[in-house]
Protein chains: 2
Amino acid sequence: MVAALVRSTFLVNAVYAESAREYGLTSQQGQLLCVLMAQSYGMGELGAVLGLAKSSLTGLVDRTERNGLVQRKPDPQDSRAVRIALTRKGSKVAEEFYVETCRRIENLTTGLSDADRETLAGLLGGVVEANKVPVVFLEPGGGAGLEHER
Amino acid sequence: MVAALVRSTFLVNAVYAESAREYGLTSQQGQLLCVLMAQSYGMGELGAVLGLAKSSLTGLVDRTERNGLVQRKPDPQDSRAVRIALTRKGSKVAEEFYVETCRRIENLTTGLSDADRETLAGLLGGVVEANKVPVVFLEPGGGAGLEHER
DNA sequence: GGCGGTAGTTCGTCTCGCGAATTGTAAGGC
DNA sequence: GCCTTACAATTCGCGAGACGAACTACCGCC
């Protein structure tokens, strides 16, 4: 049970990283793009969603911005704050990366029947729900979760 | 489906990292210790098992050795080669970390019935099998897998 | 006994993640 | 109105992690 979970985790990690690499992204940058597909965020919110310290985020956004994928926009309501949004190039890359990554992950389950896939999704969904995982992929809105994250 | 897999992956990652942190380890060092619990390895084999370039491994082993958890032993058959093995302290830490981490991961599934847990393990096991995931946790013997790793 | 392949290390470079200190701005309190 | 407190984000210094390319030392083999 534990072994299956841990090993499937490594599998998905590897697939995700591999897919990102092919789009010239790191896993973290890929994650950032996916989160931003839904909406723009301030640095603070983004830190909560991604489970990162704000100083970590500054660097990640810097590097991703340098690659022309995201941009910092001044927040009209609060001149201290900044909104991070995808650039046009970023939207394009995010979309392609997202679709391709989904395809590959879906592909991991080709050994299963449709019914099994259904069951697996349900069970995993239950585990995820029960443990308040932060929304790092798919689905906007939702919160930080993982109270013990750095 | 994809979302459930990705999110459970983040969950397990977080739990693993958190557990490692409490034992003064990084995830990678934790992984290294778990792999070495079963047997000693040469650097080359270790690279294959963990999916790392050999230059990456040198650093990981260096740091872990510095912490007194593993040691490099000369290979009696081949004086170029080196066998990486746990020290006594390393064995102790590995064992405790392993048990605790299993406990926590098991804990993630407390929302499920025994039957569901059984089903989940079976399905995930199937996915893992079908995709030749390398043995990074539990179970010795077995191979490298993930041909497309960096 | 010399030569090609193999095991590991070193080096330089980059990403990532953190905490502590810092800067600039928003908001309350009085 | 001004001043303090609180908050948003960045900067800095550090260490881990990952890579490829170049290098060293050694095994085997012809």
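Letters A, B, ... are given to chains in the order of the sequence lines, protein chains preceding strands, and every chain is numbered from 1. Heavy-atom basis, side chains included; hydrogens, waters and symmetry copies ignored. This is a predicted model, so every value here is computed, not measured.
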Quiz item: Touch check for B/Gly44, heavy atoms < 4.0 angstrom, all strands: base, sugar-phosphate only, or nothing?
Solution: sugar-phosphate
Quiz item: Using 4.0 Å as the upper bound for N to carboxylate O, is an ion pair formed by B/Glu100 and B/Arg103?
Solution: yes
Practice problem: Just compare D/dC26, C/dC16, D/dA16 and give me whichever is closest to any side-chain atom of B/Arg80. | Solution: D/dC26
Quiz prompt | Gap between atoms NZ and C1', on B/Lys73 and C/dA7 respectively (whole Å) | solution = 19 Å
Quiz prompt | DNA chain C: 5'-proximal contact among A/Arg66 and B/Lys54 (nearest heavy atom) | solution = B/Lys54
Practice problem: Indicate, with yes or no, if the rings of A/Phe97 and A/Tyr16 have centres closer together than 6.0 Å. | Solution: yes
Quiz item: Considering only side-chain heavy atoms of A/Thr58, which listed nucleotide, D/dC26, D/dT11, D/dA16, is closest?
Solution: D/dT11
Practice problem: Map A/Met43 and B/Leu57 onto DNA chain D by nearest heavy atom, then report which one ends up closer to the 5' terminus. | Solution: A/Met43
Quiz item: Within this structure, what is the CG-to-P distance between B/Leu50 and C/dG8, rounded to whole angstrom?
Solution: 13 Å
Exercise. Specify the separation, in whole Å, of atom CD of A/Gln31 and atom P of C/dG17.
Key: 8 Å
Quiz item: OP1 or OP2 of D/dC12 sitting under 4.0 Å from any side-chain N/O of A/Ser55?
Solution: no
Quiz item: Separation of A/Leu52 atom CG from C/dG19 atom P, in whole Å?
Solution: 11 Å
Self-check item: From D/dG17, C/dA26, C/dC16, nucleotide with atom closest to B/Leu60 side chain
Solution: D/dG17
Quiz item: Can we say B/Asp78 and B/Arg83 salt-bridge, meaning some charged N sits less than 4.0 Å from an Asp/Glu carboxylate O?
Solution: no
Quiz item: Ignoring hydrogens and angles, are the base of C/dT15 and the side chain of A/Arg63 linked by a donor-acceptor pair under 3.5 Å?
Solution: no
Quiz item: So how far is it from A/Ser27 OG to A/Glu18 CD, rounded to the nearest 0.5 Å?
Solution: 10.5 Å
Quiz prompt | B/Leu25 CG to D/dA16 P, straight-line distance once rounded to whole Å | solution = 12 Å
Quiz item: Rounded to whole angstrom units, what separation is found between the OH atom of A/Tyr41 and the P atom of D/dA8?
Solution: 16 Å
Quiz item: How close or far is atom C1' of C/dA26 from atom CG of A/Asp75, stated in whole angstroms?
Solution: 12 Å
Quiz item: Which listed nucleotide (D/dA9, D/dG17, C/dT25) is nearest to the side chain of A/Ala81?
Solution: D/dA9
Quiz prompt | Side-chain heavy atoms of A/Lys73 within contact of A/Val82, under 4.5 Å | solution = no
Quiz prompt | Closest to side chain of B/Val82, choosing from C/dG8, D/dT10, D/dC26 | solution = C/dG8
Self-check item: Atom-to-atom span, CD1 of B/Ile84 to P of C/dT9 - whole angstrom
Solution: 7 Å
Quiz item: When we call it a touch if two heavy atoms are under 4.0 Å apart, what does B/Arg83 touch: a base, just sugar-phosphate, or nothing?
Solution: nothing
Practice problem: Quick one: closest heavy-atom pair of A/Val128 and B/Ala4, and the distance? | Solution: CG2-O, 4.0 Å
Quiz item: If you check every side-chain atom of B/Asp78, which of D/dC26, D/dT11, C/dT9 has the closest atom?
Solution: D/dC26
Quiz item: Has A/Gln77 got a side-chain N or O lying under 4.0 Å from the OP1 or OP2 atom of C/dA26?
Solution: no
Quiz item: Think B/Arg72 has a side-chain N or O under 4.0 angstrom from the OP1 or OP2 of C/dG8?
Solution: no
